[in-house]
Asks: 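First, the structure itself, so that you have it in front of you.
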Amino acid sequence: MAASVVLERSFIEVTGTEREIRRNFREFTVQPDVRPVVGGPKYNESAGGYYYRENSNLQSVARNRFIHWTSHDDTLELVEESLDCNLSNNAIRLKILNCCVLPGGVHVCETKGRVIVMIVTNQTVHRFVLPHPSRMYRSEIISDSQMQSIFTDIGKANFRDPSNSYVIPAVPGRAQSTTTSTAWISSFGEALFAFPSTTGSIFIIKMPPYNSDGAVTSVELKQSSVMQRLLTGWMPTSIRDPGPGHLPVSLAVHCLEEDAFIFSLCQDHKLRMWSYKDQMCLMVADMLEFVPISKAVRQTSGTEHKLRLAHSTSLGLYLGVYLHTPRQGQFSVFQLVCAESNRYSLDLVSSIFTNQETLVDFTFTLATTEIWALWLDDEKQTIVKQINFEHNQAGPWSQVTMNLLPQDEIDATDEQDPRETYLEYLFTPGRFTVAALVKAIQIMQRTGGKPLDLSWEELKREVTNTVENELHGSLSVYEMPEEEFRELQMEYWSKFYTCCLQYQESLSHPLALLVHPQSTMVCLLRRGFLSLMVPCPLIDHLYLTPTEHLCYEDESLISDDVDVGKDTICLIQCLRMIGDCVSPDMAHLMETACRQLQSPEKVAQQILENMITNDVDNLMMDIHNKVQDIRNPIQTISYLLRDMDYETGVDIDQNVDQAQPMTTSMNLSSLYGSTTAASLVSQAVGKISMSRFLMCRDLLILEYLLLRTSDVDIVGGELPHHSHQDLLPRTSQILSSYYVIYWGCQCLASTVPSDVLESNLQHLSVLDLSDTPHFRPEHRYLSGPQTIVELFFQDVVRKRIFQIFARSGAAEAPLNWTQLISDVTFYLLQKLWPNNPGFLFPEFLMKSCQYTQLQEFIHLVQPCCQVNVGSCNFMMGQCYLVTGEGYKALECFSNAASEVEREEFLEKLICVENGETASNRRLQYYNKVLSLLEDVGLPELVIKFATLAITESDDNWKSQAVLRTLIFKHLLDMGNNSQAYEALTMIPDPSRQLDCLRQLVVVLCERSQLQDLVEFPYVNLENEVVSIIESRARAVDLMTHNYYELLYAFHIYRHNYRKAGTIMYEYGMRLGREVRTKEGLEKQVNTYLACLNCMRLIRSKYAWIVQPTSGAVYERAGASPKRTHDGESPVVPKSSQIEILELKDLEKEYVLSQTHLTLVQQVQGTAAIAGSTSAEEMVRLLIQAGLFNAAIVLCQTFNLSLTPIFEGLAYKCIVLQNCGEAAYAEAWQWLAANQESSVVTAKDSSATDEAWRLMTSYLDKYDSSLGLYHRCVIDKLLSHGVPLPSWLINSYKAMDVAALLHLYLRYDLLEEASELVLEYVDAVLGKGHQYFGIEKPLSATCPQVWLPYTAIDHLLQALTDNRNQHNTDLLEKLKGKLDEYFHQLRISTNLLLSSQS
């Protein structure tokens, strides 16, 4: 495991803020009542900062929170930063018109409920009172990721309030030759400003407490010694002026309960201490007493001296003094000592000398006894150093590894596109600020200071458009050789890049250094952004330390064994020498090899060959000689590799007691929660990864160099073997691992729309992986585009920081920046290390929808990752799914199956339980992947993967049933019906097989793929299919589904005609009872006809079916076959009578339904008639509708009398004789329905004539010799008083004259009866006998004839009873005719008798 030892004196710089976006400053203006100073001095740009007192308290809302500012001329920019949450409204820009903010003229003081910002300008002083963070956020638990800054409500402040602004009076005025100042808040809440006056003394302005009445007062602190008082009495003012020597060049204040000590370091190299309360000088100390005395120093004005204070309740007050001399600078640390009678003196703690560089700022701390200093060297390069002023008086300064400016030029090969090359370099995270890019755009576009508020992607497009427009604007021709155009591209892109580089250099100018006294957090305030100093691990410190300083390193810090420490330093020196020999091209070659998965070992040999070839200074010999100083190269190299290897055998979070108080746990969960902190940690990991990548590269070259020399004296005869078997592969693996981590720190995350993210999480929910913390869109672009490592830290690792505190038990101790950021960096490196069992980073990339980055990550870790191979395959499969490469995904998922029981991520994926076999685990894995493929919607892959999974479930029939069911389902969904049927037949579970069979039937029916459904063989499944279709047929709507027809086709295909007929009969029966529509009747007729056809195909003795039981009969019209009127299932009768239906019965049903359909087609509104209508009722309905032909057919089928038909027709004839034209129109309709081909219709005939003609045809066709239907017709006519047509009388009297006579008598038609009797008697006597159906008249030789005597008697009696003249005449005629008949009868009788005798 990598060593966690961190040298507190070794640090690297990481950019904290303003890495990629421009701050959204809110602007405010203060306009004091002053005029600008004409010809006044120009002040340099200045910066400063303030840490809250509770900055290192874990339970405080001000934790890891500070304010920093920059000032220039009349503008002051204040920013509040937090490493734990993103602050809103945290940047303001204040312009104080007609004034210049003094360098160092901004001071921040903190009270219990307020933060006071005090500003000193060249003409005014100002006070702004802001709420304290603890007052804005009173909760004990800090859990918000977004909070309001203390600057949020600054716009409500009254900037012109006289109590908060004051114009410095002209007398005594402020000294123009110095810019130093200080300010503080007294114990009474008064704001006090101190600065040098024109008289050389200290001028103090006091403002009354905030929100209290009072006037602004001022006081001047002057020397009050006895000699000065004597001189004051007689010397003129011009002579007693203390002069520039007494002028303070640096002021500092230390507050007491009721007093304040003001320290002034003056140009005369003396330090003076003043008491504000007593307004007197308490101490004067000559700093030159602590400096090697020289006249040059004494006579030189100390205008560049600096003074700092540090206080500790346990140690007291310390003063740090920087004395600038012409030859060197000196830092001195003093302790203020108080003797009796308030006599104060300085006790020198340490003096440290420095070279002659330009000191920008310095500070010192008592907690670590360190001096931090910021310099600019002769080349204007930023230098930050620190030294322990207690122990390192003779040792060297420890220099911080600073961020280098981007390289001066970019080389693009012929194969590279200049635009892509420059854009990639310009927009690499942390290389250029947006401010520099925007400024370069404005210069090239010549738009001046027009603000550009662009997103990261928009800015990239704007850069491209700017350069391209400038390029095309310079072209005078539209066609040119490709080489010339490329040169132009390089020229203009280089021009833009140079501009960016200039502004980046300007923005990188250092202004101030800010060090927290307790947590030792070090901030470097540059002109355009903020940087923080992050501790550097031991190995990196040694590698980054200049070679000349390595000799000062303490070997005991490296190892307890001094020899091992010395060997390590020698080895590092060898690596540094090799690194200096590697050319940029060769260095790029190694990075390219790692990116393209080439062997680093081969590239190392190539680089070594290049070094040897180009060795003109005998560097190889120097390296060879340095290696001879290493006592045991194998052990040293192994030690170095072991220290750089972060591989752990188990998850580092296991076996950690996570018990913490609730408030502590909640506060820890928000620690380092801001995007700034994420960027810091990511950059720290990136820098460590890059430095160690270079170390591994140089180490790999060194190992091959040792192999090449084969010097047994050097390597002990063992190195070649170890190099091949252990050292070389291990070095190569570690090198690749660090390259992967560095790549992640540079790789930008993709913007993910919220809908895409939600869709991704929905897919992952199938894997039960979406319940863990995941990437949230609101984190995007809060401080510019973030890298994937930043997002990983922010969303995953940060929430596990409590693990660090759980190990150390330091949750209640003050936060130590140096130790904590080192632990967090170490923890993140372990989580990112490819060869560790944890798999959080790839899992996070998958959940956050960063599939392109995940794919590249898995691609890069292949050479160095020996664990989680299956998990990587699974992740790659998921990437392929997203990119639409399903078959590649299937291959990856298949390859991962063999590692299920070995890897933690795959075990978590399938929720492994104790005791499960490897086969069961793989089956669970297959099921998870199948669920994922189903959710994504790739049925072909599901089928292939399920087929593969079946091979793992040879002995598990339940799993096989599940998998084969899945195959069947997706084959069916894809429309592969035949394959789906084959899969169905292979399902070993009968219940699942039946379910699938049911699904097959339903789906094919819905798709109308009935031919496939009918033609499948259904071996041993035919009864189940029939049962399924029957149950579906009886459960669904008859008019929207055709399950009965399907069953019919099913049985017909198998030549089972009786079952087919049975199904059609049931179908028709249900249609008649449930579907009361014309369409239903049409279907019913067709079903009965199909049933008849089936029965006729069977031998007669088998042509029968069983009628459905009475339980299937629904008594109510429109009743549901499944529910009663209460919604309950009907009770099936326990016993029912079986009724056999033969062919003739089926024919009757067919005719009945056919006549019903005819009725519905003719008469609207009759479709709703109950399906249980009998034949008799149907005849009546047909007669009413005038459908006499259909009624006759129905009567004949059911052996019913035709009498109702003739009566109905007779009635319609009667109606037609007595109605108007309207009835004729209706009559023509039913007449047309009964038209017969044998009846000829005349052109001029009326509806009445046609009706009588129809009557005639029916009587001729259907009446018997007895004239039954004639009688009923005549009876109907007579009942309505309608005269009988002659044709009807003539027709009927030939059939049954007696019956006709009876009808006349019934309706009192005496005249018609008399005439009938007279005609009949004449016919009997031989006159017209053929009209009455008498073959031969009365005679002795012919058959007997007879008269209806009873009826005639009734007629005679009626005529007698109703006597009148007409009746009397009729009576006489009848009697005479009868007498004639009887006379002839006697003659015939006698002749007959005589002949017989």
Side-chain angles (χ1 to χ4, degrees), residues 28 30-34 36-37 40-50 67-78 94-109 115-130 157 159-186 190-208 210 216-221 247-253 255 260 262-265 274 276 306-309 361 511-512:
F28 302 94
V30 180
Q31 190 170 4
D33 189 16
V34 295
V37 177
K42 299 294 182 180
Y43 302 106
N44 295 327
E45 192 171 0
S46 176
Y50 175 79
I67 302 171
H68 64 92
W69 56 84
T70 58
S71 63
H72 182 64
D73 291 338
D74 62 347
T75 302
L76 172 64
E77 294 180 348
L78 292 122
L94 195 64
K95 293 182 76 68
I96 305 176
L97 300 181
N98 301 328
C99 298
C100 292
V101 180
L102 295 181
V106 181
H107 309 274
V108 177
C109 294
V115 175
I116 299 96
V117 180
M118 294 176 285
I119 305 169
V120 181
T121 73
N122 60 341
Q123 300 188 75
T124 58
V125 292
H126 304 270
R127 171 180 63 182
F128 301 115
V129 181
L130 304 170
F159 295 113
R160 303 191 65 175
D161 188 349
S163 63
N164 292 325
S165 297
Y166 183 71
V167 178
I168 300 174
V171 178
R174 188 190 63 81
Q176 298 295 322
S177 59
T178 181
T179 60
T180 184
S181 65
T182 189
W184 72 96
I185 300 296
S186 70
E190 302 158 329
L192 296 108
F193 302 84
F195 44 85
S197 67
T198 55
T199 61
S201 60
I202 298 176
F203 187 64
I204 299 176
I205 297 175
K206 181 178 71 173
M207 290 183 177
Y210 180 69
V216 178
T217 60
S218 60
V219 64
E220 188 175 5
L221 302 182
L247 188 66
V249 295
S250 184
L251 291 175
V253 63
C255 297
I262 303 172
F263 296 87
S264 63
L265 184 59
W274 301 80
Y276 169 73
K306 298 182 185 300
L307 172 65
R308 302 290 185 265
L309 302 182
D361 193 11
L511 298 177

Asks: So do I204 and I262 actually touch side chain to side chain, heavy atoms under 4.5 Å?
Replies: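 Side chain of I262 against side chain of I204, heavy atoms only: contact under 4.5 Å found.
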Asks: Are the side chain of S250 and the backbone N or O of L265 linked by a donor-acceptor pair below 3.5 Å?
Replies: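 No.
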Asks: Can you tell me how far CD of Q31 sits from SG of C99, rounded to the nearest 0.5 angstrom?
Replies: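 C99 atom SG to Q31 atom CD measures 10.0 Å (nearest 0.5 Å).
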Asks: Is there a side-chain contact between F128 and L94 in this structure, where contact means two heavy atoms from C-beta onward sitting under 4.5 Å apart?
Replies: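 Yes, their side chains come closer than 4.5 Å.
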Asks: How long is the gap from OG1 on T121 to CG on L102, to the nearest 0.5 Å?
Replies: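 Atom-to-atom, T121:OG1 and L102:CG are 6.5 Å apart.
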Asks: Taking all non-hydrogen atoms of both residues, which atom of L307 and which atom of A252 are closest, and how far apart?
Replies: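 In this case the closest contact between L307 and A252 is CD2-CB, 4.0 Å.
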Asks: Distance from Q123 atom CD to I168 atom CD1, nearest 0.5 Å?
Replies: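 The distance works out to 8.0 Å.
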Asks: If the condition is side-chain contact (heavy atoms from CB on, under 4.5 Å), which residues does S197 pass it with, not counting sequence neighbours?
Replies: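 Only P172, T199, S201, F203, E220 meet the side-chain contact (heavy atoms from CB on, under 4.5 Å) criterion with S197.
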Asks: Quick check: closest heavy atoms across F195 and T180, and the distance to 0.1 Å?
Replies: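 The answer is CB-O, 3.7 Å.
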Asks: Given side chains that start at C-beta, do those of I96 and L76 come closer than 4.5 Å, heavy atoms only?
Replies: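 Counting from C-beta outward, I96 and L76 never come under 4.5 Å.
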Asks: Is there side-chain contact between V115 and Y50, with at least one heavy-atom pair below 4.5 Å?
Replies: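 Side chain of V115 against side chain of Y50, heavy atoms only: no contact under 4.5 Å found.
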Asks: Work out which heavy atom in S163 is nearest to a heavy atom in M207; give both atom names and the distance.
Replies: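 In terms of heavy atoms, the two residues are closest at O-SD, 3.5 Å.
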Asks: Find the distance between CD1 (I185) and OH (Y210) and round it off to the nearest 0.5 Å.
Replies: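 If I round to the nearest 0.5 Å, the distance is 12.5 Å.
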Asks: Between T124 and H126, do the side chains contain a donor N or O and an acceptor N or O under 3.5 Å apart?
Replies: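 T124 and H126 do have a side-chain donor-acceptor pair below 3.5 Å.
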Asks: Quick one: do K95 and D73 make a salt bridge, cutoff under 4.0 Å?
Replies: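 Answer for the salt bridge query: no.
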Asks: According to side-chain contact (heavy atoms from CB on, under 4.5 Å), who are the partners of S186, at least two apart in sequence or on a separate chain?
Replies: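 Here the qualifying residues are F188, E190, L192.
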Asks: Taking C-beta and beyond as the side chain, do T178 and P248 meet within less than 4.5 Å on heavy atoms?
Replies: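 With C-beta onward as the side chain, the pair stays apart.
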Asks: How close do N122 and Q176 get, heavy atom to heavy atom, and via which atoms?
Replies: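 Minimum heavy-atom separation between N122 and Q176: O-NE2, 4.5 Å.
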Asks: Before you tell me yes or no, could you show the steps for W69 and V117 under side chain to side chain contact (heavy atoms under 4.5 Å, CB included), namely the whole-Å CA-CA distance, both residues' side-chain angles and the distance that decides it to 0.1 Å?
Replies: CA-CA 11 Å; W69 56 84; V117 180; over 6 Å; no
Asks: Working to the nearest 0.5 Å, report the span between CG of N98 and CG of D74.
Replies: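 Going from CG on N98 over to CG on D74, the span is 8.5 Å.
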Asks: Is there side-chain contact between V125 and M118, with at least one heavy-atom pair below 4.5 Å?
Replies: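 SC-SC contact between V125 and M118 ruled out.
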Asks: Compute whether any side-chain donor of one residue and acceptor of the other, for S181 and H107, lie under 3.5 angstrom apart.
Replies: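 Yes, side-chain donor-acceptor contact under 3.5 Å.
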Asks: Would you indicate whether the side-chain heavy atoms of D361 and R308 approach each other to under 4.5 Å?
Replies: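 A side-chain contact under 4.5 Å exists here.
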Asks: List the atom of S264, the atom of I202, and the distance in Å for their closest heavy-atom pair.
Replies: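 Closest approach of S264 to I202, heavy atoms only: CB-CD1, 4.0 Å.
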Asks: With distance as the sole test, does S46 use its side chain to make a donor-acceptor pair with the main-chain N or O of G104 at under 3.5 Å?
Replies: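 Between the backbone of G104 and the side chain of S46 there is a qualifying donor-acceptor contact (under 3.5 Å).
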Asks: As a test of understanding, state which of V216, T217, V219 forms a side-chain contact (heavy atoms from CB on, under 4.5 Å) with I205.
Replies: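 The single option meeting the side-chain contact (heavy atoms from CB on, under 4.5 Å) with I205 is V216.
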Asks: Is any side-chain heavy atom of W184 closer than 4.5 Å to a side-chain heavy atom of Y276?
Replies: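 They are in side-chain contact.
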Asks: When rounded to the nearest 0.5 angstrom, what is the spacing between CD1 in I119 and CG in L78?
Replies: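 Those atoms lie 6.5 Å apart.
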